[in-house]
A.B. asks: 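I have a structure I would like to understand better, so I am pasting it below and will then ask my questions one at a time.
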Amino acid sequence: MKRILMIGTGGTIASEMGGDGLTPELSTEQLLSFVPSVGKECHVDCVQLYSLDSTSIEPKHWVGVAKTIQEKYDDYDGFVISHGTDTMAYTAAALSYLIQNSPKPIVLTGAQKPIWFDGTDSKRNLCDAFLYACRGCGGVQIVFNGKVILGTRARKTCSKSFQAFSSVNHPDLAVVQDGRLLQYIRSEVGEKPIFYDKVDTNVGLLKLIPGTDPALVAFMAAQYDGLIIESFGVGGLPEYGDMYGILRRAVEAGKILVMTTQVPNEGSDLGVYHVGGRLKQNLRLLEAYDMTTEAAVAKLMWILAQTRDFDTVEKLFYAPVAQDILYSNS
Ligand code: ASP
């Protein structure tokens with residue numbers, strides 16, 4: 001029988017109703033007691049790492065999960081992490097950089113309704129997650145509402161309905177239907193995992209709006225060593241307020257800038273319009289292409305923990321990790 005380690009971090013799935021709303025309180029053992037059928041598929045041990053609404057998950061918690069998996073890696077065949085849905089896509093992306101090439105499945109799941117609610121999605125998601133941890137592919141993935149999504153490609157796209165996650169710019173890897181796994185695509189994994197234990201949190205994300213104050217761009221560029229700018233469409237920078245000059249000076253000061261798009265699908269292509277091409281041709285900055293913003297944030301944190309040298313940052317950023325980037329003309 002397969003041995004699976006379940007790591008609890010909190011989230012709706014483990015929440016109880018308090019006076020002012022849902023709060024994560026149930027332990028991993030309590031969650032498991034709602035899905036006795038899992039015991040027929042595998043032997044499960046539990047670790048209660050955190051009891052947090054995922055709104056409060058920080059990069060240090062990603063590192064904590066990765067460390068736990070590293071310490072226990074040889075003792076188990078797979079890992080199930082129960083997690084709040086709100087920032088699960090960030091955690092899935094971060095774990096994809098902190099634990100690379102894992103031949104064993106590392107599965108995140110959670111729910112939109114607590115496990116004790118009538119008609120909850122928790123039980124299905126937990127059962128499917130254990131099934132995938134036992135029979136699925138290695139690497140980091142989210143199993144949710146019957147879909148298996150690559151950790152670097154997930155985004156929360158519905159705030160209430162059970163179909164909470166979408167795979168962005170990449171097909172779903174598999175589906176789980178009535179306890180059967182249909183594996184459409186196998187994730188690329190190695191023979192041995194490579195673990196990292198650091199991220200650099202000196203990374204900011206700025207979403208542009210029409211009329212964004214250039215002072216805000218200057219502030220963000222001064223505040224962070226790595227700044228991701230979520231622009232419009234395929235990407236560009238407004239021409240008012242000397243924003244170009246602000247970014248040029250930031251690059252000259254050694255800041256790492258990444259242009260991406262706030263459009264949900266198909267990614268950036270900065271060279272198409274003058275407002276983007278001017279940046280691309282003249283400044284040493286990066287663009288995220290088809291990467292999700294969640295993956296770009298986590299990847300930049302992972303990279304900046306290793307180097308600030310632009311050439312090395314560029315090489316690492318464009319080198320695919322867990323199929324996080326498929327297209328780049330750099
Ligand atoms: N606020 C909750 C969380 O992210 C939402 C959920 O789990 O669905 O922890």
Side-chain angles (χ1 to χ4, degrees), residues 55-59 86-87 89-90 93-94 152-159 166 168-169 199-304 308 310 313-314 317-318 324-325 327-330:
T55 307
S56 304
I57 290 278
E58 298 173 53
D86 290 345
T87 64
Y90 281 97
T152 52
R153 292 292 180 173
R155 174 169 298 152
K156 186 171 181 181
T157 47
C158 289
S159 60
S166 301
V168 175
N169 299 331
V199 287
D200 187 325
T201 56
N202 207 323
V203 169
L205 172 64
L206 173 62
K207 179 174 184 161
L208 297 185
I209 59 169
T212 293
D213 186 343
L216 180 60
V217 180
F219 171 79
M220 292 289 283
Q223 192 73 8
Y224 293 103
D225 290 348
L227 176 62
I228 298 170
I229 300 179
E230 256 195 4
S231 182
F232 313 108
V234 288
L237 193 71
E239 298 204 283
Y240 60 80
D242 192 29
M243 288 221 209
Y244 177 85
I246 292 169
L247 291 199
R248 184 175 47 74
R249 286 189 289 279
V251 168
E252 283 165 8
K255 304 289 179 164
I256 306 292
L257 304 181
V258 179
M259 298 299 294
T260 188
T261 178
Q262 50 194 264
V263 177
N265 293 295
E266 299 176 355
S268 72
D269 196 355
L270 212 50
V272 174
Y273 297 99
H274 167 74
V275 286
R278 183 182 180 206
L279 299 178
K280 184 89 182 169
Q281 278 180 18
N282 301 319
L283 302 184
R284 299 197 82 199
L285 47 69
L286 308 170
E287 69 170 302
Y289 293 110
D290 59 306
M291 290 178 76
T292 65
T293 295
E294 291 86 339
V297 167
K299 194 172 197 178
L300 197 54
M301 287 190 184
W302 168 69
I303 292 170
L304 292 188
R308 287 285 197 284
F310 183 82
V313 171
E314 182 178 44
F317 194 77
Y318 290 137
D324 61 346
I325 185 164
Y327 170 79
S328 105
N329 58 13
S330 298

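Note that these values count all heavy atoms, side chains included, but never hydrogens, waters or copies made by symmetry.
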A.B. asks: In chain order, what residues pass the side chain to side chain contact (heavy atoms under 4.5 Å, CB included) check against Val168, with sequence neighbours excluded?
C.D. replies: Arg155, Asn265, Thr292
A.B. asks: Working to the nearest 0.5 Å, report the span between CG of Leu227 and CG of Leu247.
C.D. replies: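 Answer rounded to 0.5 Å: 7.5 Å.
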A.B. asks: Please round to the nearest 0.5 Å and tell me the distance separating atom CD1 of Ile228 and atom CE of Met301.
C.D. replies: 8.0 Å
A.B. asks: So, taking the atom named CG in Leu286 and the one named CG in Leu279, what distance separates them when rounded to the nearest 0.5 Å?
C.D. replies: 12.0 Å
A.B. asks: Please determine whether a side-chain nitrogen of the Lys or Arg among Asp290 and Arg153 lies less than 4.0 Å from a carboxylate oxygen of the Asp or Glu.
C.D. replies: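 Between Arg153 and Asp290 there is a salt bridge, with a charged N closer than 4.0 Å to a carboxylate O.
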A.B. asks: Within the side chain of Ser231, is there an N or O that forms a donor-acceptor pair under 3.5 Å with the backbone of Leu237?
C.D. replies: no
A.B. asks: Sequence neighbours excluded, which residues qualify as side chain to side chain donor-acceptor pair (under 3.5 Å) partners of Thr157?
C.D. replies: Ser166
A.B. asks: Write down the atom of Ala93, the atom of Ala295, and the distance for their closest heavy-atom approach.
C.D. replies: CB-CA, 3.8 Å
A.B. asks: For Glu266, enumerate each residue passing the salt bridge (charged side-chain N to carboxylate O under 4.0 Å, His left out) test, keeping only those at least two apart in sequence or located in another chain.
C.D. replies: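 Not a single residue meets the salt bridge (charged side-chain N to carboxylate O under 4.0 Å, His left out) criterion with Glu266.
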A.B. asks: Taking it one step at a time, do Glu239 and His274 satisfy side chain to side chain contact (heavy atoms under 4.5 Å, CB included)?
C.D. replies: CA-CA 10 Å; Glu239 298 204 283; His274 167 74; 3.2 Å; yes
A.B. asks: Rounded to the nearest 0.5 Å, what separates atom CG in Leu283 from atom OH in Tyr244?
C.D. replies: 4.0 Å
A.B. asks: Can you sort out the partners of Arg308 under salt bridge (charged side-chain N to carboxylate O under 4.0 Å, His left out), two or more places apart, ordered by chain and number?
C.D. replies: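 Scan of Arg308 (salt bridge (charged side-chain N to carboxylate O under 4.0 Å, His left out), adjacent residues dropped) gives Asp200, Asp225.
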A.B. asks: Kindly write out the residues that satisfy side chain to side chain donor-acceptor pair (under 3.5 Å) with Asn169, not counting sequence neighbours, or none if the list is empty.
C.D. replies: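 Asn169 satisfies side chain to side chain donor-acceptor pair (under 3.5 Å) with no residue once adjacent residues are dropped.
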A.B. asks: For Glu58, give me all partners under side chain to side chain donor-acceptor pair (under 3.5 Å), at least two apart in sequence or on another chain.
C.D. replies: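 Glu58 satisfies side chain to side chain donor-acceptor pair (under 3.5 Å) with no residue once adjacent residues are dropped.
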A.B. asks: Report, one line per pair, each donor and acceptor closer than 3.5 Å where one atom sits in a side chain of residues 204-219; sequence neighbours left out.
C.D. replies:
{"unit_1": "Thr212", "atom_1": "OG1", "unit_2": "Ile209", "atom_2": "N", "d": "2.7"}
{"unit_1": "Thr212", "atom_1": "OG1", "unit_2": "Ile209", "atom_2": "O", "d": "2.8"}
{"unit_1": "Asp213", "atom_1": "OD1", "unit_2": "Ala215", "atom_2": "N", "d": "2.9"}

A.B. asks: Excluding sequence neighbours, so at least two apart, what forms side chain to side chain donor-acceptor pair (under 3.5 Å) with Thr55?
C.D. replies: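 Counting only residues at least two positions away or on another chain, Thr55 forms a side chain to side chain donor-acceptor pair (under 3.5 Å) with Asp53.
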A.B. asks: For the pair Tyr318 (side chain) and Glu287 (backbone), establish whether a donor and an acceptor sit closer than 3.5 Å, ignoring hydrogens and angles.
C.D. replies: yes
A.B. asks: Under 3.5 Å, which donor-acceptor pairs do the side chains of residues 252-261 form with other protein atoms, sequence neighbours left out?
C.D. replies:
{"unit_1": "Glu252", "atom_1": "OE2", "unit_2": "Arg248", "atom_2": "NH1", "d": "3.3"}
{"unit_1": "Lys255", "atom_1": "NZ", "unit_2": "Ala221", "atom_2": "O", "d": "3.3"}
{"unit_1": "Lys255", "atom_1": "NZ", "unit_2": "Ala222", "atom_2": "O", "d": "3.2"}
{"unit_1": "Lys255", "atom_1": "NZ", "unit_2": "Tyr224", "atom_2": "O", "d": "3.2"}
{"unit_1": "Thr261", "atom_1": "OG1", "unit_2": "Gly233", "atom_2": "O", "d": "2.5"}
{"unit_1": "Thr261", "atom_1": "OG1", "unit_2": "Val263", "atom_2": "N", "d": "3.0"}

A.B. asks: For Asp242, give me all partners under side chain to side chain contact (heavy atoms under 4.5 Å, CB included), at least two apart in sequence or on another chain.
C.D. replies: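 Residues passing side chain to side chain contact (heavy atoms under 4.5 Å, CB included) with Asp242: Arg249.
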